[in-house]
Amino acid sequence: MPNKIIKTLISDKSIRLYFTDNTKMLQEIMELSKIKEKTCYFALAKAVSIMSLLSVTLKDNQRISAVITLTDKNHKIYADTDAGGNVRGYVSQALLKASRQQNSNQSLQNLIGTKASIRMMKGLEMSQFTGVTDMPYQNMDDDFAYYFKQSEQTDTMIQTNIELDRNSCLLKSYGIYAQALPGAEEGALDFVREQFEAENLAPLLLNMNDAEIEKALNQRFHHSKVLEHKPIQFSCPCSKEMFYGFLYSLSAEELQNAVETNTSIDTTCHICGRSYVFQPSEIQTILQTR
C-alpha cells in the first residue's frame, strides 16, 4: 500500500494508530533534495516521513509546518504537509553547502547537536498555533513525540524506519504514529512500541488487506478497527508568478542588459527543482513597471 496512510483505532478506541509505507513519495523528495552526504540525507528523510504521518491529524484546509533548527543556527530542515496529504521537505542552503564538506560517518545525534529545536506551526493561514521545544533525544522520532507531550500534553509515539542502499540512497521507508486518547491505560503506548519492535510489525501489516490488519491488531490490542486509507504525495506549490519577486530584486541595469542582448533569465525552485524561464519580453514588462 505505497503512499497511503492506514488509520486505525486500537485498544477499545483508546489509541490512534497510523502507519504508512511512504517509500515512493520519499524517494521523489530525496532525489530532488540534491543531498549527497548520508547523515544529512537521513535526517531530512526522517523529518519528511514524520510530517507525512501528521497529515492525517489535520482537517479541512489546515497545514502543519516544522522548522528543525540544528545546533548551528544556520542549519535548518524544513518540512510541511496539509490535510490533503501534500508533503514536501528541504534543507537550508547553508546546511546543504555544509553537508558537502561533512564527514559521512558522523551520527544523526552529532548532526542535530545538543542545542537543536523544533518549531511547529499548525492551523489555517490566518489562524495558526506555534510551539517550540528543544530536541533532548537527538534522533527525530522521540524529539517530535516530545514536542507533542510538551506542547499539547498528549502522549505520542513516532517511529520511522529509513533504509538506505549501499550508495546511501533511499531503499525503503515506513512510519508509525500512535497517540493516546482519553481513557488510555497507563503505559499503553509503551506496550504498542514493544509489540511493533518485537515483531517488526509495521511491514507485516502494510502487506495485509483491511480484514487481515484488523485480525492482526485484535490479536494484540483488542477491539481494533481500520478506519480509512489516506493518500499522501509530494507537492510543491511553486509557480512562475512566485519568481517575479526575484526579478524585481535585480537592478534595472541587469534587466536592461538581458533585454538588449535578447537573453532570457532562468530561475529554479530549490525545493522541487522546477525551472521557470523569463523571456526578454517579460523582462521588458517588469522594467516598465518598476
Side-chain angles (χ1 to χ4, degrees), residues 2-3 5 18-57 64-72 75-81 85-92 95-96 98-99 102 104-120 133-149 156-165 167-179 193 196-197 200 202-203 206 232-234 271:
N3 288 2
I5 297 177
Y18 308 149
F19 44 93
T20 182
D21 177 346
N22 52 19
T23 303
K24 290 185 178 180
M25 179 202 72
L26 208 53
Q27 284 174 332
E28 182 179 4
I29 293 173
M30 297 311 300
E31 184 176 350
L32 291 169
S33 74
K34 308 299 183 185
I35 299 173
K36 301 300 182 182
E37 195 274 323
K38 179 179 179 180
T39 311
C40 184
Y41 182 101
F42 186 70
L44 176 61
K46 288 184 78 70
V48 174
S49 183
I50 291 168
M51 293 304 289
S52 72
L53 285 162
L54 297 182
S55 68
V56 294
T57 68
I64 186 167
S65 302
V67 180
I68 300 166
T69 302
L70 306 182
T71 295
D72 184 326
H75 295 173
K76 300 179 188 291
I77 299 172
Y78 303 90
D80 62 65
T81 187
N86 298 304
V87 185
R88 63 176 182 164
Y90 55 102
V91 303
S92 66
L95 178 55
L96 182 61
S99 72
Q102 288 171 342
S104 295
N105 293 321
Q106 74 169 326
S107 66
L108 178 62
Q109 182 178 11
N110 287 338
L111 176 68
I112 293 172
T114 59
K115 297 181 180 179
S117 65
I118 297 174
R119 180 172 181 257
M120 298 270 274
T133 61
D134 57 5
M135 299 178 68
Y137 299 96
Q138 299 168 253
N139 67 10
M140 292 285 188
D141 291 354
D142 293 330
D143 293 311
F144 270 86
Y146 176 78
Y147 169 87
F148 287 105
K149 177 65 174 178
T156 303
M157 182 198 81
I158 296 173
Q159 290 184 346
T160 56
N161 182 283
I162 307 293
E163 298 178 21
L164 307 182
D165 62 20
N167 297 315
S168 297
C169 293
L170 188 78
L171 182 64
K172 185 73 175 176
S173 171
Y174 64 82
I176 309 159
Y177 170 96
Q179 192 170 67
R193 183 190 296 273
F196 271 85
E197 290 181 348
N200 199 20
L206 288 163
I232 49 175
Q233 57 281 322
F234 165 69
I271 300 172

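Counting from 1, the numbers follow the sequence of the chain as shown.
Ring geometry for Tyr137 versus Tyr146: interplanar angle over 60°, hence perpendicular rather than tilted (30 to 60°). Tyr177 and Phe148 have perpendicular rings, their planes meeting at more than 60° on a 0 to 90° scale where under 30° would count as parallel.
Here the side chains of Ser65 and Tyr78 are not in contact, with every heavy-atom distance at 4.5 Å or above. Looking only at side-chain heavy atoms (C-beta outward), Thr156 and Ile158 come within less than 4.5 Å of each other. Looking at Thr81 and Asn86, their side chains never come closer than 4.5 Å, going by heavy atoms from C-beta outward. Between Met157 and Gln179, the closest side-chain pair of non-hydrogen atoms is not below 4.5 Å. The shortest side-chain heavy-atom distance between Ile68 and Phe144 falls under the 4.5 Å cut-off. For the pair Ser168/Tyr41, no side-chain contact is recorded, criterion being any heavy-atom separation below 4.5 Å from C-beta on. Annotation: side chain of Leu206 is not in contact with side chain of Pro203 (no heavy-atom distance under 4.5 Å). In this structure the side chain of Met51 reaches within 4.5 angstrom of the side chain of Ile64, judged on heavy atoms.
Between the side chain of Asn167 and the backbone N or O of Cys169, no donor-acceptor pair lies under 3.5 Å. In this structure, the side chain of Thr71 engages the main chain of Ile112 through a donor-acceptor pair within 3.5 Å. Side-chain N or O atoms of Thr160 include none that pairs as donor or acceptor with a backbone N or O of Ile50 at under 3.5 Å. The main-chain N or O of Lys46 is never found under 3.5 Å from a side-chain atom of Ser49 such that the two would form a donor-acceptor pair.
For the atom pair CZ of Phe42 and CE of Met140, the computed distance is 9.5 Å after rounding to the nearest 0.5 Å. Between the CG atom in Asp72 and the CG atom in Leu95 there is a gap of 8.5 Å [rounded to 0.5 Å]. Going from atom CD1 of Ile232 over to atom CG of Leu54 covers 11.0 Å, rounded to the nearest 0.5 Å. Here OG1 of Thr133 is found 7.0 Å from OH of Tyr147. Values are rounded to the nearest 0.5 Å. Rounding to the nearest 0.5 Å places CG of Leu170 at 12.0 Å from CD of Glu28. For the atom pair CG of Asp141 and CG of Asn161, the computed distance is 9.5 Å after rounding to the nearest 0.5 Å.
A pairwise comparison of heavy atoms in Leu111 and Ala43 identifies CD2-CB, 3.7 Å as the closest pair. Residues Lys38 and Leu164 approach most closely at CG-CD1, 3.9 Å, considering heavy atoms. Taking each heavy atom of Asp21 and Ser173 in turn, the nearest pair found is OD1-O, 3.3 Å. Across every non-hydrogen atom of Met25 and Phe234, the tightest pair is CG-N, 3.5 Å. Across every non-hydrogen atom of Ala47 and Ala79, the tightest pair is O-CB, 4.2 Å. Nearest heavy-atom pair across Lys76 and Thr69 is NZ-OG1, 3.2 Å.
Between Asp134 and Lys115, no side-chain nitrogen of the basic residue sits less than 4.0 Å from a carboxylate oxygen of the acidic one, so the salt-bridge criterion is not met.
The side-chain hydrogen bond (donor to acceptor under 3.5 Å, both in side chains) with Ser52 is formed by just one residue from the set Asn22, Thr20, Asn3; it is Asn22.
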From CA spacing to verdict: side chain to side chain contact (heavy atoms under 4.5 Å, CB included), Tyr18, Thr57: CA-CA 10 Å; Tyr18 308 149; Thr57 68; 4.1 Å; yes
Going through the distances and angles, do Gln109 and Asn139 end up as a side chain to side chain contact (heavy atoms under 4.5 Å, CB included)? CA-CA 6 Å; Gln109 182 178 11; Asn139 67 10; over 6 Å; no
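Under the 3.5 Å distance criterion, with hydrogens and angles disregarded, no donor-acceptor pair is assigned to the side chains of Gln138 and Asp143. With 3.5 Å as the limit, one finds a donor-acceptor pair spanning the side chains of Thr39 and Glu37.
Partners of Glu197 under the side chain to side chain contact (heavy atoms under 4.5 Å, CB included) rule, at least two apart in sequence or in another chain, are Gln159, Arg193.
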